[in-house]
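Notes follow the structure.
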Amino acid sequence: MTGTAATEEDEFRKIYGMDVVVIPTNEPMIRKDFPDLIYRSEKAKFNAVVEEITAKHRSGQPVLVGTISIEKSEELSRMLSKRGVPHNVLNAKYHDKEAEIIAQAGQIGAVTIATNMAGRGTDIVLGGNVEPQVKAVLADDSLTEEQKKAKIQQLRDLWKRNHDTVVQLGGLHIIGTERHESRRIDNQLRGRAGRQGDPGSSVFYVSLEDDLMRLFGSDNVRSIMEKLGMEEDIPIEHPIISKAIENAQKKVEGRNFEIRKHILEYDDVLNQQREVIYRQRRQVLEGENLRDSIIQMIYDLLEQALSLYADDKLPEEEWDLHGLLNYVERLFVPAGHFRREELQLLSREEIKKRLFEAARVFYDEREKEISPEVMRELERVVLLRTVDSKWMDHIDAMHDLRQGVYLRAFGQQDPLIEYKYEAYEMFQEMIHSIREDVVRLLFHLKVNQAPERQRVAKPMISLKAEGKGAMEEAKGAATAGKRTPVTVEKVGRNDPCPCGSGKKYKKCCGA
């Protein structure tokens with residue numbers, strides 16, 4: 001529920017699928033909203049604002065002034081100080097005191113300057129808020145109960161007289177020193193007066209040098225003022241001008257909405273991928289049995305390898321069985337278990353069946369070797385760490401893609417469509433890379449178990465990585481697992497790579 005959603009109705013509906021319903025006010029609205037006053041220069045505008053604030057202060061009517069920046073607030077404060085007008089400035093510098101200050105903005109003769117509605121969320125009571133004083137009396141232990149009641153009654157009687165005086169003066173007067181790009185912010189400021197049927201008034205001061213007026217095209221208004229021979233300190237006041245400014249705000253809001261919508265379309269691409277990754281992480285964190293998922297990964301990797309090395313659209317003599325054997329031996333089949341000559345005698349489906357059955361047998365043997373309990377924990381640790389590492393790299397790659405994809409527009413291509421296409425390809429590559437690393441580590445990590453009597457109380461495993469690129473994943477797996485403490489030898493980024501390549505670790509396995 002918010003009092004300023006009506007102007008953003010289109011955005012709520014298109015972006016969030018939410019309808020906006022306007023609820024009538026509890027009490028009839030009697031606030032007077034005056035047309036905007038337009039001046040030729042900003043200097044003349046602020047001089048007029050100071051004059052009105054001074055006049056209202058002398059009459060005793062409380063004034064709340066809204067500015068768009070801290071600099072404008074401080075400039076206005078200096079001008080009021082020169083005129084000897086006491087006032088409070090709210091600009092989020094002293095946020096702990098602002099609720100107290102804004103609550104008293106309805107006192108007789110009060111002048112409060114607020115930057116972008118600093119201190120909002122606190123009701124402004126006409127005549128001032130008496131409750132803090134009442135609480136102070138109740139907390140005063142030096143007074144008797146009778147004295148407290150009498151003191152509180154005096155305070156409430158005084159507040160009632162002040163309240164009636166402010167009501168007779170017209171209630172809280174709102175002055176906006178500039179129109180914002182969003183009508184919603186202007187409505188927030190204006191809505192501080194006339195609450196719950198209270199009287200009030202509001203007016204906005206605008207100059208042709210304001211940002212919004214430059215966007216609106218103040219040259220036309222300026223030429224009209226010059227032709228009429230109007231002086232700098234004489235304002236234009238007409239409902240048509242106010243309507244024109246409101247239309248300018250609508251245009252700016254529409255432009256900003258399109259920008260946010262465009263950003264959201266890009267973010268939605270990554271968000272869909274995020275949901276897939278987080279769903280898999282939840283399965284790991286919630287302790288689900290991942291054996292079936294690992295077996296499915298092996299099957300998917302085998303399918304992709306056969307499509308690459310032994311495509312059924314190619315004749316058998318063009319199959320790269322040597323490359324296929326190298327691939328499966330690197331992941332899940334011991335070297336030398338199959339021979340190329342043996343596979344040449346089999347059909348594609350028979351090759352897939354033999355390789356998959358062999359992978360399952362070796363996986364079962366590995367599970368028996370280290371025990372099902374340790375295997376389940378190893379699956380969780382390795383999968384979680386691998387997913388996290390690959391996902392972080394993917395986010396960086398997506399950010400780089402987004403920064404450069406706008407250049408596709410020079411080639412008459414829609415950047416958003418190109419971004420979606422390449423993001424999909426990158427995501428598929430990441431998923432494939434996750435499967436390869438998880439399967440390779442589960443088949444090749446050495447697990448050193450603690451003695452049996454220690455393992456009864458709590459499983460302890462120590463991982464040692466084999467093969468290029470495995471050491472980093474093993475170290476990551478150790479830090480990711482919670483149920484089973486894991487220890488490996490740490491490798492510095494600038495140390496020689498443990499795989500024996502002779503390169504630095506960061507340029508080799510840790511790349």
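One-based numbering along the sequence shown.
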- Message: A side-chain contact here means heavy atoms from C-beta on lying under 4.5 Å apart; do Val134 and Leu138 qualify?
- Response: yes
- Message: With a 4.0 Å cut-off on N to O distance, would you call Lys261 and Asp268 a salt bridge?
- Response: no
- Message: Looking at Glu258 and Arg255, is there a salt bridge between them, counting it only when a charged N and a carboxylate O are closer than 4.0 Å?
- Response: no
- Contact check, side chains of Arg195 and Ile124, non-hydrogen atoms, under 4.5 Å: no
- For Glu275 and Asn271, run side chain to side chain contact (heavy atoms under 4.5 Å, CB included): C-alpha distance rounded to whole Å, both residues' side-chain angles, the deciding distance at 0.1 Å, then the answer. CA-CA 6 Å; Glu275 290 176 355; Asn271 190 52; 3.6 Å; yes
- Task: Any chance you could measure Glu178, atom CD, to Asp186, atom CG, to the nearest 0.5 Å?
- Result: 9.5 Å
- Message: Ignoring hydrogens and geometry beyond distance, is a side-chain donor-acceptor pair present between Glu436 and Tyr327 at under 3.5 Å?
- Response: yes
- Query: Asp300 and Gln296: side-chain donor and acceptor closer than 3.5 Å?
  - Reply: yes
- Taking all heavy atoms of Ala193 and all of Gly200, pick out the closest pair and write down the distance. CB-CA, 4.3 Å
- Taking C-beta and beyond as the side chain, do Arg402 and His399 meet within less than 4.5 Å on heavy atoms? no
- Item | Which atom of Met297 lies closest to which atom of Arg435, heavy atoms considered | CG-CG, 3.9 Å
- Judged by modelled atom types alone, do Glu367 and Tyr363 share a side-chain donor-acceptor pair under 3.5 Å? no
- Query: Can a salt bridge be assigned to the pair Lys390 and Asp393 using a cut-off of 4.0 Å between side-chain N and carboxylate O?
  - Reply: no
- Task: Give a yes or no answer on whether the side chain of Ser433 reaches the backbone of Glu429 with a donor-acceptor pair at less than 3.5 Å.
- Result: no
- Query: Is there side-chain contact between Gln280 and Ser293, with at least one heavy-atom pair below 4.5 Å?
  - Reply: no
- Leu172 to Ala105 - nearest heavy-atom pair and separation: CD1-O, 3.8 Å
- Message: A quick test of your reading: do over 12 heavy atoms of other residues, nucleotides or ligands sit less than 6.0 Å from CZ of Arg360?
- Response: no
- Query: Are His432 and Gln428 linked by a side-chain donor-acceptor pair shorter than 3.5 Å?
  - Reply: no
- Note on the structure: CG (Leu383) and CG (Asp437) are apart, to the nearest 0.5 Å, by 11.0 Å
- Query: Judged by modelled atom types alone, do Arg190 and Asn187 share a side-chain donor-acceptor pair under 3.5 Å?
  - Reply: no
- Item | Polar contact flag, side-chain donor to acceptor under 3.5 angstrom, Asp33-Ser202 | yes
- What is the minimum heavy-atom distance between Leu401 and Ala423, and which atoms define it? CD2-N, 4.0 Å
- Using a 4.5 Å cut-off on heavy atoms from C-beta on, say whether the side chain of Ile15 contacts that of Phe257. yes
- Query: Can you tell me if Ser389 uses its side chain to pair, donor with acceptor, with the backbone of Arg385 under 3.5 Å?
  - Reply: no
- Item | Rounded distance [0.5 Å steps], OH in Tyr278 versus CG in Leu285 | 11.0 Å
- How far apart are the closest heavy atoms of Leu189 and Gly176, and which atoms are they? CD2-CA, 3.9 Å
- Query: Is Glu377 salt-bridged to Arg380, cutoff N-O under 4.0 Å?
  - Reply: yes
- Check: Ile68 and Asp210 side chains under 4.5 Å, non-hydrogen atoms: no
- Message: Does Met29, at its CE atom, have more than 12 non-hydrogen atoms belonging to other residues, nucleotides or ligands within less than 6.0 Å?
- Response: yes
- Go through the steps for Val276 and Gln272 under the test side chain to side chain contact (heavy atoms under 4.5 Å, CB included), then give the verdict. CA-CA 7 Å; Val276 174; Gln272 291 173 7; over 6 Å; no
- One should read off an interatomic distance between Glu379 CD and Leu441 CG, to the nearest 0.5 angstrom, of 12.5 Å
- Query: How about Glu8 and Val20: do any of their side-chain heavy atoms sit closer than 4.5 Å?
  - Reply: no
- Note on the structure: To the nearest 0.5 Å, atom CG of Asn88 lies from atom CD1 of Ile102 at 9.0 Å
- For side chain to side chain contact (heavy atoms under 4.5 Å, CB included), just list the numbers for Ile298 and Ile295, CA-CA rounded to whole Å, side-chain angles, deciding distance to a tenth of an Å, and then say yes or no. CA-CA 5 Å; Ile298 297 172; Ile295 298 301; 4.3 Å; yes
- Once the angle between the rings of Phe356 and Tyr299 is folded into 0 to 90°, is it parallel (under 30°), tilted (30 to 60°) or perpendicular (over 60°)? perpendicular
- Between the side chains of Arg183 and Thr7, does any donor sit under 3.5 Å from an acceptor? no
- Item | Over all atoms of both residues, closest heavy-atom pair of Val405 and Pro415 | CG2-O, 3.4 Å
- Message: Test your reading of the model: is there a side-chain donor-acceptor pair from Arg291 to the backbone of Met375, 3.5 Å cut-off?
- Response: no
- Item | Min side-chain heavy-atom separation Met426-Gln273 under 4.5 Å | no
- Give the intermediate values and the outcome of side chain to side chain contact (heavy atoms under 4.5 Å, CB included) for residues Ile395 and Met392. CA-CA 5 Å; Ile395 290 176; Met392 288 187 289; 5.6 Å; no
- Query: About how many Å separate CG of Leu64 and OG1 of Thr112, when rounded to the nearest 0.5 Å?
  - Reply: 6.0 Å
- Please work out which of the three classes, parallel, tilted or perpendicular, describes the rings of Phe332 and Phe443, given edges at 30° and 60°. tilted
